[in-house]
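Here the structure comes first, spelled out in structure tokens, and everything after it is commentary.
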Amino acid sequence: MAHRVVLDTDPGIDDSLAILLALASPEIELAGVSVTGGNCPLDNGVHNALNVVALAGQPELPVYSGVALPLLRPPLTAPETHGDAGLGHAHLPTSEVPPADEHGVDMIIREITAHPGEITLVAVAPLTNVALAIRKEPRIVEAVRHVIIMGGALRVDGNTTPLAEFNFYVDPHAASIVLHSGMPITLLPWDITKDILLTQEAIDQLLQISSPVSTFIADAARFYIDFHLTHFGFAGCSINDPAALALVFRPDLATITPLFVDIETTSEVTMGKTIGDFRNESGHPHNVQLVTAFDSESFLQIFVSRMEMLADRTRTA
Ligand code: BDR
Ligand code: CA
């Protein structure tokens with residue numbers, strides 16, 4: 001039976017790739033995509049999500065607008081990473097389908113409470129929507145099946161400040177609420193995802209199929225690859241969010257270790273820093289299953305082959 005998934009996003013180039021991977025994966029029944037402000041302002045993110053589901057041939061897949069701003073901190077977007085509108089050099093036709101009427105936070109609550117023990121929540125954005133869903137309906141903590149979060153930098157430099165990763169830095173208070181909620185969390189941090197690199201070679205392979213899907217991925221990734229090269233010296237772009245999504249149906253890609261993880265929310269200098277208590281100095285019980293290793297090669301094969309399949313479905317020549 002397919003896993004019913006709620007995908008919380010800030011699309012965003014790699015968020016868009018996560019949406020495409022979800023729609024290309026028979027193991028996943030995507031209940032909806034919720035959006036929060038992050039890589040780009042909320043309205044851009046919602047617009048992008050709608051256009052991406054339409055690109056994949058599923059324009060009616062519901063997209064829910066969520067919370068625009070972090071709980072306490074000022075908003076921070078990432079135009080240098082994802083482009084001014086969030087999708088790099090890609091320009092998609094505007095979907096004719098509007099966002100769903102329901103608020104993203106309410107959709108998360110409704111899905112989890114309507115299907116106790118069945119919903120996997122994949123959260124690949126600042127955790128504002130998820131934190132507010134927990135505060136509004138705490139019973140979702142017990143009712144959710146699994147929460148897979150992309151966020152945090154534990155033993156590596158941050159990608160946004162010297163210490164902090166983007167999703168956790170943008171809304172550290174939300175991350176704190178979620179980490180300490182008691183939800184069954186798998187945490188896929190930047191430590192791992194920075195090395196999951198989609199290369200130009202893989203994109204060139206995808207471009208063998210003439211399709212709006214391959215053109216979109218190539219145009220978005222061109223911007224993302226340039227950023228990663230200039231900023232980090234990487235030979236490809238880190239596709240963080242689809243890697244988190246893949247853990248729904250390929251948990252075996254990850255090596256995990258139970259760990260107590262906390263986040264800094266008070267000091268401006270270290271704001272959003274994720275702390276892993278690897279020696280259990282605090283004595284706290286673990287609150288996440290941390291991904292400590294990941295089979296990038298197998299994941300990238302799955303990712304590229306599913307994007308080829310999606311491109312093939314919408315082939316133009
Ligand atoms: C995370 O931040 C965003 O830029 C990406 O979409 C990803 O979710 C990586 O730190
Ligand atoms: Ca994201």
Side-chain angles (χ1 to χ4, degrees), residues 5-10 12 15 18 32-39 64 66-73 75-76 103-113 117 119-154 158 160 164-193 240-241 244-245 247-248 256 258-266 271-277 282 284-291:
V5 168
V6 169
L7 183 54
D8 189 61
T9 64
D10 58 333
D15 301 77
V33 175
S34 52
V35 180
T36 190
N39 289 322
Y64 300 80
V67 182
L69 303 178
L71 295 181
L72 296 179
R73 290 184 53 81
L76 177 76
H103 192 278
V105 168
D106 293 324
M107 180 276 287
I108 292 171
I109 294 170
R110 174 178 54 73
E111 273 295 327
I112 295 173
T113 50
I119 299 296
T120 301
L121 173 60
V122 181
V124 294
L127 288 164
T128 322
N129 284 340
V130 182
L132 284 176
I134 291 169
R135 283 292 185 258
K136 189 169 181 189
E137 180 45 274
R139 284 176 294 186
I140 65 171
V141 167
E142 299 295 328
V144 74
R145 175 187 175 133
H146 186 194
V147 183
I148 301 172
I149 295 172
M150 189 281 128
L154 284 83
T160 301
E165 177 277 336
F166 183 80
N167 289 338
F168 278 23
Y169 180 73
V170 171
D171 199 339
H173 302 93
S176 179
I177 289 171
V178 176
L179 285 172
H180 298 300
S181 66
M183 279 177 156
I185 295 170
T186 295
L187 184 63
L188 178 65
W190 171 246
D191 308 45
I192 299 294
T193 62
N240 317 281
D241 296 350
L245 190 280
L247 291 178
V248 175
I256 52 170
L259 188 71
F260 177 71
V261 169
D262 212 339
I263 181 165
E264 173 62 54
T265 57
T266 52
M271 184 65 71
K273 169 66 189 161
T274 323
I275 302 103
D277 189 358
S282 68
H284 291 310
H286 72 264
N287 56 351
V288 306
Q289 300 288 343
L290 181 77
V291 179

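The residues of the chain are indexed from 1 along the displayed sequence. Computed from heavy atoms alone, side chains included, the values below leave out hydrogens, waters and symmetry copies.
Here the CD1 atom belonging to I112 is positioned 5.0 Å from the CG atom belonging to L121, to the nearest 0.5 angstrom. Rounding to the nearest 0.5 Å gives a distance of 7.0 Å between CD of E165 and OG1 of T193. Between the CD1 atom in I140 and the CZ atom in R110 there is a gap of 13.0 Å [rounded to 0.5 Å]. Rounded to the nearest 0.5 angstrom, M150 CE and D15 CG are separated by 10.0 Å. Considering CD1 of I109 and NE2 of H103, their distance stands at 10.0 Å, rounded to 0.5 Å. In this structure, the separation between CG on L245 and CG on N240 is 12.5 Å, given to the nearest 0.5 Å.
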**OP:** Show your working on side chain to side chain contact (heavy atoms under 4.5 Å, CB included) between V105 and V67 and close with a plain yes or no.
**Re:** CA-CA 8 Å; V105 168; V67 182; 3.9 Å; yes

**OP:** Give the C-alpha distance, both sets of side-chain angles, the deciding distance and a yes or no for side chain to side chain contact (heavy atoms under 4.5 Å, CB included) between F166 and L76.
**Re:** CA-CA 9 Å; F166 183 80; L76 177 76; 4.2 Å; yes

Subject >> L72 and T265: CA distance, side-chain angles, deciding distance, side chain to side chain contact (heavy atoms under 4.5 Å, CB included) verdict >> reply: CA-CA 10 Å; L72 296 179; T265 57; over 6 Å; no

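In this structure, N287 contributes its side chain and H180 its backbone to no donor-acceptor pair below 3.5 Å. Using modelled atom types, one side-chain atom of N129 and one backbone atom of V35 make a donor-acceptor pair closer than 3.5 Å. At distances below 3.5 Å, at least one donor-acceptor pair connects side-chain atoms of T9 with backbone N or O atoms of S34.
The side chain to side chain contact (heavy atoms under 4.5 Å, CB included) check on A164 picks up T161, Y169, with sequence neighbours excluded. Not counting sequence neighbours, the partners of E111 by the salt bridge (Lys or Arg N to Asp or Glu O under 4.0 Å) test are R4. Every residue meeting the side chain to side chain donor-acceptor pair (under 3.5 Å) condition with T128, not counting sequence neighbours, appears here in chain and number order: D171. Take P258 and apply the side chain to side chain contact (heavy atoms under 4.5 Å, CB included) test, not counting sequence neighbours, and it matches H286, Q289. Among residues two or more places apart in sequence or in another chain, the side chain to side chain donor-acceptor pair (under 3.5 Å) test is passed with R139 by E137. Under the side chain to side chain contact (heavy atoms under 4.5 Å, CB included) criterion, L69 pairs with P75, not counting sequence neighbours. Scored by the salt bridge (Lys or Arg N to Asp or Glu O under 4.0 Å) test, D262 finds no partners at all (sequence neighbours excluded). Applying the salt bridge (Lys or Arg N to Asp or Glu O under 4.0 Å) rule to R73 yields the partners E268; only residues at least two apart in sequence or on another chain are considered. Checked against side chain to side chain contact (heavy atoms under 4.5 Å, CB included), T266 has the following partners two or more places apart in sequence or in another chain: E264. Here S176 pairs with nothing under the side chain to side chain donor-acceptor pair (under 3.5 Å) rule; sequence neighbours left out. Shown here are the side chain to side chain donor-acceptor pair (under 3.5 Å) partners of D241, two or more places apart in sequence or in another chain: there are none.
Across all their heavy atoms, S282 and F260 have their closest contact at OG-CD2, 3.8 Å. In terms of heavy-atom proximity, I119 sits nearest to V144 at O-CG2, 3.4 Å. Considering all non-hydrogen atoms of both residues, Y64 and G32 come closest at CE1-CA, 4.0 Å. The shortest non-hydrogen separation linking G37 to P126 is O-CG, 3.8 Å. A pairwise comparison of heavy atoms in T36 and A125 identifies CG2-CB, 3.7 Å as the closest pair. The two residues I177 and L71 have their closest heavy-atom pair at CD1-CD1, 3.8 Å.
The shortest distance between side-chain heavy atoms of D10 and V170 does not fall below 4.5 Å. Here the side chains of L179 and L127 are not in contact, with every heavy-atom distance at 4.5 Å or above.
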Could you give the side-chain donor-acceptor pairs of residues 183-192 under 3.5 Å, partners two or more places apart or in another chain?
residue, atom, partner, partner atom, Å
T186, OG1, H146, NE2, 2.7
D191, OD1, L154, N, 2.9
D191, OD2, L154, N, 3.4
D191, OD2, R155, N, 2.7

